[in-house]
Amino acid sequence: MHWADFTAQRLKKERGDSQTLASGITPSGEIHLGNLREILTAEMIHRACLDAGLESRYIFIVDSMDPLRRVYPFLSDEYERYIGHPLAFIPAPNPNGTPTSDGVSYADHFLQPFLGALRQIGVVPEVIMNHETYANGGFAAKIESAIEHQDEIREIIQSISGRELANDWFPYNPLGSDGSMDGVVVTGYESPYVNWTDRHGEKGKADIRKAEGKLPWRVDWAARWGIHNISCEPAGKDHGAAGGSFDTGLPICRLLGSEPPGKMVYEWIQLKGMGPMSSSTGNTIGPIEALGLVPPEIIRYLIARSKVNRHIDFDTGSALFEMADEYERLVANPPTGDDQDLNKRQRIARDTQIGAMNLSQVAHGGDPADSVAGVSFRHLSMLAQIKSDDDEIWSSLRASGHISNEPSQALVGRLSRMRNWIDGPHFPDDARIAIQSSVSKEARENLTSEQVAFLAELRSTLNDCEWTDTAIVNCIRRTTESVGISGRDSYIALYWVILGKHHGPRASSLMGEIGRDRFLDLLDI
RNA sequence: GGGCCUGUAGCUUAGUCAGGGUAGAGCGCCGGGCUUUUAACCCGGUGGCCGGGGGUUCGAAUCCCUCCAGGCCCGCCA
């Protein structure tokens, strides 16, 4: 059984027929692919719940009330004055890092493109801006309760996380006169107002029914579980560590009168060989960038095929090819078999693979067959590199029997992304077709005297050859026969000269793209 | 120091929670086929003391103990 279905069953036992799946994000900078794991994990469980006949909603909570922590590398110094201000209330940065003045908030600036990418991936959540929940009083009861139980909460956090809280710690951080939470000291509580003094010496009061302050993270998280009646919210392994926010969240949530979700911890996505993604080190790839390379169902498949507690190495190189082609094969030839013919392992494998395949569809319940292009990524990458004209690629695919008529929508999209991939920095070197500029030493050493003779002969016959695919093929054949070597050997010689390898894609197509003059220069050995 | 996760063929892994059929698969590799090599396509083959060691059991990749190795998390940063 697929993990999403397994979790759905568990939730049904624990929570009954009505489920709320949630994931969250802090829009403090560019949102990267790692964040997608949380989202897709939750969304796939949501789909599995629906498939199991449960009522289910999927909400996406944006931590728009969270303060700007520091001036990130992509921000100008002007953001110094916004530190401590909620992300929903400060201006978005321009490309050069300076604040804009067109009214778009910092939170929206980073959120909107991400939501666009999510739509492409087929994720359409109920978006909840946390600052709005504060603004419309959604948090008020929990805030009041947290303030009443502040001693217990302090005790929970200190004992479970092992952290010492400051003497003036208070389970609510009001905004000061300048709009920042930093340096604001709570001086008292008269429901529904929290009195404060800020770092400028100004005094004021914050209405807990409005967005005039927020709960600290560990309390905020626990409170929202109850507010939205969340039954499952996958948490990154950072939250899952002993004494982490999940552990403190459980008792705090109960203290505030609600039943917390069960613990579910997911591992992180890493860029192959480069450790965890992090925007501060620049070690990151965004979902939008990833969608420029491979279609959305492949991104979904990346998550769907991996167990939640295993880390994923996202490799934009050859491993991505393999995964994409694995998806193609899976859809083209899904596992079958009746229960009585299979042993337990085989049944589980079958159900897991089918589950992963179905969950990879952009549309819930979509037919996997609609997403296949019928051509492997590797093959397409080769064609895209040796043929600049799309129509020639379709002809080639018809000739090779990959397609019968016009290319499908999926295939057209596949090719356009493939060209994008090839032109970008993520395309794997071992898949790149590199035409030699001169015959390498290695190539020379690998050629027999017969092959050299063949190449010399070919050089003169090609002079008069019409420069089309068929003519080139015929010319190669005639020369092969006249020199008297095997066809195999003649082609191997050609590949050594053209690519510096002993094999390669259809030689005549390569030669056609290279052009006569350049090719003849190459043969000048 | 505290804790989490992982270790199965050259690589990626399924199976571990619910112990039982010679440990499945894909990639790679090797060989063959396609009246000449498309990195295509088709067929076949190679390959694993399931990290090591103990234990429980009629039976262990699976449960328990222990050791080793790798990755990661633990600042009012989510």
Side-chain angles (χ1 to χ4, degrees), chain A residues 1 3 6 10 24-28 35 38 63 66-67 69-70 157 161-166 168-171 173 181-182 215-221 235-247 263 265-268 270 275-276 280 305-313 315 318-319 321-323 325-327 329-330 335 342-350 352-353 356 375-383 385-386 396-397 399-402 430-433 469 473 476-477 480-481 485-492 494-495 499 501-510:
Chain A
M1 187 182 305
W3 52 259
F6 186 82
R10 200 194 77 213
I25 204 166
T26 306
S28 59
N35 297 303
E38 169 161 338
D63 295 325
D66 280 31
R69 304 283 173 196
R70 58 192 172 88
I157 293 177
S161 77
R163 179 185 311 159
E164 281 291 303
L165 294 178
D168 61 358
W169 184 87
F170 191 76
N173 299 327
M181 291 172 219
D182 285 0
L215 295 165
W217 158 246
R218 285 175 187 254
V219 185
D220 182 299
W221 203 24
K237 63 169 173 183
D238 44 349
H239 299 298
S245 44
F246 208 102
D247 283 358
K263 190 167 184 172
V265 177
Y266 62 89
E267 263 282 351
W268 286 3
Q270 318 198 3
S280 60
R305 74 178 190 134
S306 308
K307 299 209 293 191
V308 174
N309 63 1
R310 294 186 76 117
H311 88 256
I312 295 176
D313 273 325
D315 181 346
S318 42
F321 268 104
E322 273 164 36
M323 184 183 68
D325 285 340
E326 178 184 307
Y327 175 81
R329 283 191 302 270
L330 176 62
L342 303 173
N343 62 33
K344 180 182 158 191
R345 266 184 225 161
Q346 292 171 316
R347 283 198 301 274
I348 291 173
R350 177 197 61 187
T352 305
Q353 286 194 306
V375 185
S376 76
F377 274 64
R378 201 165 277 281
H379 187 49
L380 190 62
S381 84
M382 175 195 74
L383 292 176
Q385 287 179 86
I386 60 176
S396 167
L397 288 172
S400 58
H402 284 91
D430 63 355
R432 203 177 280 286
I433 295 175
D469 212 278
V473 170
I476 293 173
R477 180 186 300 154
T480 301
E481 286 162 2
I485 67 172
S486 76
R488 185 185 176 90
D489 285 343
S490 63
Y491 274 95
I492 289 175
L494 278 172
Y495 287 117
L499 300 175
K501 299 178 183 177
H502 83 287
H503 67 301
R506 191 177 174 85
S508 53
S509 303
L510 276 175

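Side-chain atoms are counted along with the backbone in the values below, which use heavy atoms only and exclude waters and symmetry mates. Residue numbering restarts at 1 for every chain, and letters A, B, ... go by the order of the sequence lines.
Nucleotide B:G44 has B:C30 as its partner under the Watson-Crick or G-U criteria, with both atom distances under 3.5 Å. Across all strands shown, B:C50 remains unpaired; no Watson-Crick or G-U wobble contact has both distances below 3.5 Å. Nucleotide B:G1: paired with B:C74 (Watson-Crick or G-U wobble, both distances less than 3.5 Å). Partner assigned to B:C17 is none, using Watson-Crick or G-U wobble distances below 3.5 angstrom. A 3.5 Å limit on both hydrogen-bonding distances identifies B:C68 as the Watson-Crick or G-U partner of B:G7.
By the 30° and 60° cut-offs, the orientation of the rings of A:His239 relative to A:Trp221 is tilted.
If you check every strand for non-hydrogen atoms under 4.0 Å, A:His311 touches nothing. Within the nucleic acid shown, A:Ile386 has no heavy atom closer than 4.0 Å to any nucleic acid atom. A:Pro216 comes within 4.0 angstrom of no nucleic acid atom, judged by non-hydrogen atoms across all strands. Using a 4.0 Å heavy-atom criterion, one finds that A:Arg378 contacts no nucleic acid atom at all. In this structure, A:Thr480 reaches neither bases nor backbone, as no heavy-atom distance under 4.0 Å exists between it and the strands shown. No engagement by A:Ala431 is indicated, since no non-hydrogen atom pair under 4.0 Å with the nucleic acid exists. Counting any heavy atom pair closer than 4.0 Å across all strands shown, A:Ser28 reaches no nucleic acid atom. Within the 4.0 angstrom heavy-atom criterion, only backbone atoms of the sugar-phosphate kind lie near A:Glu322; the bases stay farther away. Residue A:Asp325 is classed as having no contact, given no heavy-atom separation below 4.0 Å to the nucleic acid.
A:Ile25 contributes atom CD1, which lies 7.5 Å from atom CD of A:Glu38 (distance to the nearest 0.5 angstrom). Taken to the nearest 0.5 Å, the CZ atom of A:Phe377 stands 8.5 Å off from the CE atom of A:Met323. A distance of 11.0 Å separates OG1 in A:Thr352 from CZ in A:Phe6, rounded to the nearest 0.5 Å. Going from atom CG of A:Asp66 over to atom CE of A:Met181 covers 7.0 Å, rounded to the nearest 0.5 Å. Rounded to the nearest 0.5 angstrom, A:Met382 CE and A:Ser509 OG are separated by 7.5 Å. Note that CZ of A:Arg69 and CG of A:Asp182 are 8.5 Å apart. Values are rounded to the nearest 0.5 Å.
Between the CD1 atom of A:Ile492 and the C1' atom of B:U37 there is a distance of 8 Å, rounded to whole Å. As rounded to whole Å, 17 Å separates atom C1' of B:G1 from atom CZ of A:Arg163. We find that CG of A:Leu494 is positioned 16 Å from P of B:U36, with the value rounded to whole Å. To the nearest angstrom, C1' of B:A78 lies 11 Å from CZ of A:Arg218. Across the protein-nucleic acid pair, A:Asp247 atom CG and B:C74 atom P stand 14 Å apart, rounded to whole Å. In this entry the distance linking CD of A:Gln353 with P of B:G26 reads 10 Å, nearest Å. For the pair A:Leu165 CG and B:G75 P, the computed distance is 12 Å after rounding to whole Å. When rounded to the nearest whole Å, the span between CD1 of A:Ile312 and C1' of B:C11 equals 17 Å.
Checking B:U36, B:C76, B:A78 against the side-chain heavy atoms of A:Ala166 singles out B:C76 as nearest. When the nucleotides B:C76, B:C72, B:C5 are ranked by their closest atom to the side chain of A:Arg69, B:C76 comes out on top. Closest to the side chain of A:Arg506, out of B:U12, B:U36, B:U38, is B:U38. The listed nucleotides are B:U37, B:A78, B:C73; the one nearest the side chain of A:Asp63 is B:A78. Side-chain proximity of A:Arg329 to the nucleotides B:C77, B:C27, B:U37 is greatest for B:C27. Each of B:U36, B:C76, B:U38 was ranked by its minimum atom distance to the side chain of A:Leu383; first place goes to B:U38.
Put simply, A:Asn309 has a side-chain N or O that comes within less than 4.0 Å of OP1 or OP2 on B:U6.
With both ends at atom P, the span from B:U8 to B:G2 equals 27 Å, rounded to whole Å. Straight-line distance between the P atoms of B:A9 and B:G48: roughly 10 Å, to the nearest whole Å. Straight-line distance between the P atoms of B:A18 and B:C5: roughly 15 Å, to the nearest whole Å. Atom P of B:U57 sits at a distance of 29 Å from the matching atom of B:G15, rounded to the whole Å. As rounded to the nearest Å, B:C4 and B:C50 have P atoms that lie 26 Å from one another. Annotation: B:C63 and B:U16 have their P atoms spaced 9 Å apart (nearest Å). B:G7 and B:G52 have their P atoms separated by 13 Å, given to the nearest Å. Comparing the P positions of B:U46 and B:U66 gives a spacing of 41 Å, expressed to the nearest Å.
Of the two residues near RNA chain B, A:Ser161 and A:Pro505, the one whose nearest nucleotide lies more 5' is A:Pro505.
Smallest separation of non-hydrogen atoms from A:Gly243 and A:Ser161: O-CB, 3.4 Å. Across A:Pro27 and A:Asp63, no two heavy atoms sit closer than the pair CD-O, 3.8 Å.
At distances below 3.5 Å, at least one donor-acceptor pair connects side-chain atoms of A:Gln385 with backbone N or O atoms of A:Ser381. Judged by distance alone, the side chain of A:Tyr491 and the main-chain N or O of A:Arg506 form no donor-acceptor pair under 3.5 Å.
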Could you go through the side chain to side chain contact (heavy atoms under 4.5 Å, CB included) check for A:Glu267 and A:Ile312 one step at a time? CA-CA 8 Å; A:Glu267 263 282 351; A:Ile312 295 176; over 6 Å; no
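With A:Phe246 as reference, A:Lys263 is the one residue of A:Lys263, A:Arg218, A:Lys237 to meet the side-chain contact (heavy atoms from CB on, under 4.5 Å) rule.
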Find every protein N or O atom lying less than 3.5 Å from an N or O atom of nucleotides 15-17 of chain B, and list the pairs.
unit_1: B:G15; atom_1: OP2; unit_2: A:Lys307; atom_2: NZ; d: 3.0

Using atom names, set out every protein N or O paired with an N or O of nucleotides 45-47 of chain B below 3.5 Å, distance rounded to 0.1 Å.
none

